[in-house]
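Here is the structure we will look at, set down as structure tokens.
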Amino acid sequence: MPPSIFDEMARQGHEQLIFCHDRPSRLRAIIAIHDTTLGPALGGTRMWAYGNEDEAVIDALRLSRGMTYKAAAAGTVFGGGKCVVWGDPQKDKSEPLFRALGRYVQSLGGRFITGTDVGTTAGDFVHARAETRHVVALPEEYGGSGDSGYTTAYALWHGIRACLEWELGSADARGRRFAIQGLGKVGRRLLTQVCDAGGEAVVADIDCRQTAWAAGELGATVVPPEAIYDVPCDVFSPNALGGVLNDETIPRLKCRIVAGAANNQLADEGLHAPMLAGRAILYAPDYVINAGGLIQVAEELRGWDRERADHRAAAVGPFLRRIFELARHEKLTTQQAADLLVRRRLHDLGHIKRSYIPHQRSCG
Ligand code: NAI
């Protein structure tokens, strides 16, 4: 636990932390608003059986900061926030709990907009929607944009093509070999795209139904989950867990590119981004290449239009190219270059807010 929550907020640059409690529904939630320079804070609600309160606070602070970077990199007009609900998603969910959460979200008047994340579903937010307008990622039948896995995979594919072009001279996936970790909502769509584009796929998933589908329907080669790091390939694509790029796995990789949708792929950014660069492996920063889901919900807030969302998601490719160019020019890791571009955008747009606008007057 940080020595003081305020110290930690100051260190990471947070604006606000809101503790939400509702005795009848047993809601215990923490909303963290990191940075609203670009607009209202946007970020999902995670439900997790944290071991204690400190873990929940730390997670809320860490995740909301990550959302600021992701939203800024994706070119959206949203800031970063996150909500964590302290509870077991298998046992503690109820309609009152999500309605109580919805009321807290509503009380923030649009400063924070939320939707699904690990442990929560679109159905949970149908309940929350009864109390607040400030929710996204609702099912299509409720006017939302539905499963964000589609746009995440779409942006990921554009990002991978940009990586192929940068590193191997052509975006063409024909004859290229991909090692795909995780065949969930994103990974299985990526696999389909790889196969449609004439690439070769080696896959791993702890769920044997997914690997059976991949082998049976698409002819993918299946390896055990632990063996995926050792597969000789052009692209290693992590689409399952965080922290998979670490001291133990990076020396085993036999790829030219790491590009996947999983969040927080680097166990330690400061150590493992240079370690990848030192092995001449091109790393597509995770929060840039996996921004498709965020782009989808940001577009939902403007009035849902699939074509416009796809267009925005495809821009991940050219943005990665900018990152790679900056990294080469400034002798930075790709992670440092991405962070730098984000900080520049926050800085430049933060400055325009200094001019006085009459209708934004806040008091008397
Ligand atoms: P998912 O939960 O649908 O799929 C994850 C898959 O990984 C499952 O099939 C699971 O069995 C497999 N898996 C778990 N542990 C594994 C292991 N040790 N080895 C191999 N496979 C393993 O998740 P989804 O939606 O496909 O997302 C994938 C990753 O991308 C997650 O890290 C998620 O946080 C991230 N992400 C997803 C977005 C989305 O819109 N769905 C947006 C941004 C990030």
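We count ligands from 1, going down the list as the structure has it; atoms in each ligand are counted the same way.
- Looking at Ala262 against ligand 1, both its backbone and its side chain come within 4.0 Å, counting heavy atoms.
- Between the side chains of Tyr69 and Asp339, no donor-acceptor pair is found at a separation under 3.5 Å.
- Pairing each heavy atom of Arg62 with each of Asn264, the nearest pair is NH1-ND2, 2.9 Å.
- Nearest protein heavy-atom contact of atom 21 (N) of ligand 1 is Asp205 CA, 3.4 Å.
- The atoms of ligand 1 that sit less than 4.0 Å from any heavy atom of Gly182 are 7 (O), 21 (N).
- Between the side chains of Gln12 and Glu8, a donor-acceptor pair is found at a separation under 3.5 Å.
- By the criterion of a heavy-atom distance under 4.0 Å, the side chain of Thr152, and not its backbone, is placed next to ligand 1.
- Counted by atom type alone, Gln181 and Tyr229 present one or more donor-acceptor pairs between their side chains at under 3.5 Å.
- Between Asp172 and Ser170, the side chains place no donor N or O within less than 3.5 Å of an acceptor N or O (distance only, hydrogens not considered).
- Residue Ala261 has at least one nitrogen or oxygen atom sitting less than 3.5 Å from a nitrogen or oxygen atom of ligand 1, judged on distance alone.
- Each of the atoms 39 (C), 40 (O) of ligand 1 lies under 4.0 Å from some heavy atom of Ser148.
- Between the side chains of Asn246 and Thr249, at least one donor N or O lies within less than 3.5 Å of an accepting N or O.
- When only interatomic distances are considered, the shortest N/O to N/O separation between Asn290 and ligand 1 does not fall below 3.5 Å.
- Defined by atom type and a distance below 3.5 Å, a donor-acceptor pair is present between the side-chain atoms of Arg306 and Thr151.
- Here the heavy atom of the protein found nearest to atom 18 (N) of ligand 1 is Leu241 CD1, 3.4 Å.
- The OG1 atom of Thr221 sits 6.0 Å away from the CD atom of Glu200 when rounded to the nearest 0.5 Å.
- Within the structure, the side chain to side chain donor-acceptor pair (under 3.5 Å) test picks out the following pairs touching residues 125-135 (sequence neighbours left out): Arg99-Glu131, Arg103-Glu131, Gln106-Thr132.
- Looking at Asp147 against ligand 1, nothing comes within 4.0 Å, counting heavy atoms.
- Here the heavy atom of the protein found nearest to atom 17 (C) of ligand 1 is Ile206 CG2, 3.7 Å.
- If you check which protein heavy atom lies closest to atom 4 (O) of ligand 1, you get Gly184 CA, 3.2 Å.
- In terms of N/O distances under 3.5 Å, ligand 1 is approached by Val186.
- Near Ala204, the atoms of ligand 1 lying under 4.0 angstrom from a non-hydrogen atom of the residue are 20 (C), 21 (N).
- Between the side chains of Ser145 and Glu140, no donor N or O sits under 3.5 Å from an acceptor N or O.
- Checked against a 3.5 angstrom limit, the closest N/O atoms of Asn263 and ligand 1 fall inside it.
- Remark: ligand 1 atoms within the under-4.0 Å shell around heavy atoms of Asp207 are 11 (O).
- Defined by atom type and a distance below 3.5 Å, a donor-acceptor pair is present between the side-chain atoms of His272 and Asp247.
- Here the heavy atom of the protein found nearest to atom 25 (O) of ligand 1 is Lys185 CE, 3.3 Å.
- For the pair Ala240 and ligand 1, the shortest N or O to N or O distance falls below 3.5 Å.
- Crowding of Trp48 atom CH2: a count of heavy atoms from other residues, nucleotides or ligands under 6.0 Å not exceeding 12.
- The heavy atom nearest to atom 28 (C) of ligand 1, out of those in Asn239, Asp117, Ile180, is found in Asn239.
- Geometrically, ligand 1 and Lys70 share no nitrogen or oxygen pair separated by less than 3.5 Å.
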